[in-house]
Amino acid sequence: MSADAITPVFVRLKLSLLRNGLRQSGGRKAAYIASAVVAVLFAALQLIGLIALRGHAHAESVVVLAVAVLGLGWAVMPLFFPSGDETLDPTRLVMLPLRPRPLVRALLAASLVGIGPLFTLCLLAGGVIAVARGGAAFAVGVVAVVLALLVCVALARAVAAANVRLLTSRKGRDLAVLSGLVIAVGAQVVNFGAQRIGASGLGELEPAGDVLQWVPPASALAAVHAVGEGAYGRALAQLALSAGALAVLLAVWSRHLTRLMTSPDGSTLPAAEPAVRERSSTGLARLLPAGRTGTVMERSLRYVWRDPKTKAAWVTSLAIGLIVPVFNAWQGTGSVYFACFAAGMLGIQMYNQFGQDSSAFWMVAMTISSTRDAYAELRARAYALLLITLPYAALVTVVTTAMLGDWPRLPEALGLSFALLGAMLATGAWTSARFPYSIPQEGYKNVAPGQTGLAWISIFGGMIGAALLCAPVIALTIWLNVSADGEDFAWLLLPVGTLYGAVLTAVGLRLAAPRTARRLPEILQAVSKG
């Protein structure tokens, strides 16, 4: 079957998938319409903003950078949102008698249907209007928009085809869960860049623009500006780069499609003989205490490494806890006390301790028959958390202090961090027993339906309680800083904060243990809803 014959079929197939998906439920239909409206409004604002840049001295740098970021977004989209488009999985077509080249053209045409391509088209059109000067530039702009749009779509398709085995596996779903980390880190990077631009102007983008104007798909929009300046040779080279990138991406995509449709996967190969291996204690287990404490600590640490939701929460907290103080210190506007952000982000992991077990909590509940058992369980979980948070909080504090050069305040910042960590461990243990909620294992939701109120009370109520518990140490820090002779005794905040945090943790675990033992049936019911 030729490309001309199958291309309309695939476009109609894409439209049918969208239409039938919206018919599944009213909630999905409302979510799609809401996301479409938001995307269109945002695209319209981007278009208006780019048009407003017309005639600005740095308009080219802004457009080039925006298109480069847009291309990066198209590249990573299939990795973090593999379920967003059913047609991203070409293995669904392996049983059809289709050749790779016509299939590539048909899928490329079908890929142009959707909210993403519409948003991209609006941004590219706004970029052309912002940088084009003269009729020749606008004529080249039409070609540039088509080239850049096709490069973006082909890039997404090539990445999806190259990683389709991963995206349809459990590891792929784990990777999708970690998309929150990319969003969190990206938001901080954008915030940092916006602050730099706000302080120094759009001229800060010139060095990046000079490099990215030779990187497809941004090179296509840079060619429009080059034509307006009369640099036809440079414009031709930049257009050739985008056209060459499109040809390479289509060839890579076609090659991966051929491999996917002709090579066997695990479902068509005979099952291998099971390997019999004697499982022995891991190195981690040998380093942990013996008995129940070591067992619970190992289980908690394995959750951090293996469970997608727990891993995502930890990685995000570790990244943000470092980015916020370091970025502020890098800009020269931070303070050593910003390092307490790391302790705060990691302390949140103590909240809803039993929810991460989900329905498997019944096995833990079977081992708890008294307040003493509950205390041992909570204490071991706190130890596992401290194994990571204590050295990490100290590392972030030292790095932030070194970047600011404010070494005299290092003991104060460490003392505050340890006191805050102890307060969050205490309140986290209590709220885990008082306000448990389930974490769904599938999808992107972190709270089961109907339990959102419990999650808000548990997390934000506990954080407010932790802040109040830290009030004495905060007051002592303020008093030592305003007192005339306070600097001579500021070093005392390190042992005081450490001891205070340890006492808070011990008291919090003692108070949470009897409540945990009494409410085991309620906790089991709450955490098993997901």
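Worth knowing before you read on, the calculation uses all heavy atoms, side chains too, and leaves out hydrogens, waters and symmetry mates.
When side chains are defined from C-beta on, Gln356 counts as touching Arg381, because their heavy atoms get closer than 4.5 Å. Contact annotation: the side chain of Val336 never approaches that of Glu412 to less than 4.5 Å [non-hydrogen atoms, C-beta and beyond]. Within the 4.5 Å cutoff, side-chain heavy atoms of Leu520 are placed close to those of Phe361. Counting only heavy atoms from C-beta outward, the side chains of Arg515 and Arg434 approach each other to under 4.5 Å. Proximity of Asp406 to Pro408: side-chain heavy atoms (C-beta onward) are separated by under 4.5 Å at one or more points. Side-chain contact between Tyr303 and Asp357 is present, with heavy atoms from C-beta onward closer than 4.5 Å. Contact check for Leu476 versus Phe489: no side-chain heavy atoms found under the 4.5 Å cut-off. Looking at heavy atoms from C-beta onward, Val296 lies in side-chain contact with Arg299 at the 4.5 angstrom threshold.
Taking the six-membered ring where the residue is Trp, Trp330 and Phe327 present perpendicular rings, their angle passing 60° and hence far from 30°. Using the six-membered ring where Trp is involved, Phe42 and Phe119 have ring planes that are parallel, under 30° apart on the 30 and 60° scheme.
The two residues Val215 and Val211 have their closest heavy-atom pair at CG2-O, 3.8 Å. Residues Ser300 and Ala384 come closest through the heavy atom pair CB-CB, 3.8 Å. Closest non-hydrogen pair, Gly294 versus Leu288, comes out as O-CD1, 3.6 Å. Closest approach of Pro436 and Asn352 over heavy atoms only: CA-OD1, 3.7 Å. Closest approach of Cys122 and Ala43 over heavy atoms only: CB-CB, 3.9 Å. Contact record, Ser432 with Gln353: OG-N, 3.0 Å, taken as the closest heavy-atom pair.
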Stepwise side chain to side chain contact (heavy atoms under 4.5 Å, CB included) check, Thr401 with Arg409: CA-CA 8 Å; Thr401 305; Arg409 298 191 186 277; over 6 Å; no
Test log, rule side chain to side chain donor-acceptor pair (under 3.5 Å), inputs Thr516 and Glu377: CA-CA 10 Å; Thr516 302; Glu377 176 75 22; over 6 Å; no
Working for side chain to side chain contact (heavy atoms under 4.5 Å, CB included), residues Leu249 and Arg157: CA-CA 9 Å; Leu249 289 171; Arg157 287 291 182 171; over 6 Å; no
Verdict with supporting geometry, Thr367 and Arg292, side chain to side chain contact (heavy atoms under 4.5 Å, CB included): CA-CA 10 Å; Thr367 67; Arg292 180 180 186 128; 3.1 Å; yes
Step-by-step side chain to side chain contact (heavy atoms under 4.5 Å, CB included) determination, Phe354 to Val364: CA-CA 9 Å; Phe354 307 126; Val364 177; 5.6 Å; no
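Residue Leu47 holds its CG atom at 11.0 Å from CG of Leu124, rounded to the nearest 0.5 Å. A distance of 10.5 Å separates CG in Leu416 from CG in Leu494, rounded to the nearest 0.5 Å. Once rounded to the nearest 0.5 Å, the distance linking CG of Leu468 with CD1 of Ile474 reads 9.0 Å. Leu421 contributes atom CG, which lies 10.5 Å from atom SG of Cys340 (distance to the nearest 0.5 angstrom). For the atom pair Leu420 CG and Leu504 CG, the distance stands at 10.5 Å (nearest 0.5 Å). Rounded to the nearest 0.5 Å, atoms CH2 (Trp430) and CG (Leu378) are 13.5 Å apart.
Evaluation of the side chain to side chain contact (heavy atoms under 4.5 Å, CB included) rule for Pro514 yields Thr371, Arg518 as partners, not counting sequence neighbours. With sequence neighbours excluded, the residues that form a side chain to side chain contact (heavy atoms under 4.5 Å, CB included) with Ser370 are Arg372, Asp373.
Summarising the local packing, CH2 of Trp407 is surrounded by more than 12 heavy atoms from other residues, nucleotides or ligands at distances under 6.0 Å.
Remark: side-chain polar atoms of Lys311 are paired, donor with acceptor, to backbone N or O of Trp305 under 3.5 angstrom. Using modelled atom types, one side-chain atom of Tyr351 and one backbone atom of Gly462 make a donor-acceptor pair closer than 3.5 Å. Looking at Ser317, its side chain never comes within 3.5 Å of a backbone N or O of Trp314 through a donor-acceptor pair.
Ion pairing between Arg519 and Glu522 fails under the 4.0 Å rule for side-chain N and carboxylate O.
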Please output the side-chain donor-acceptor pairs of residues 387-396 that fall under 3.5 Å, not counting sequence neighbours, one pair per line with the distance.
unit_1, atom_1, unit_2, atom_2, d
Thr389, OG1, Leu385, O, 2.9
Tyr392, OH, Leu318, O, 2.4

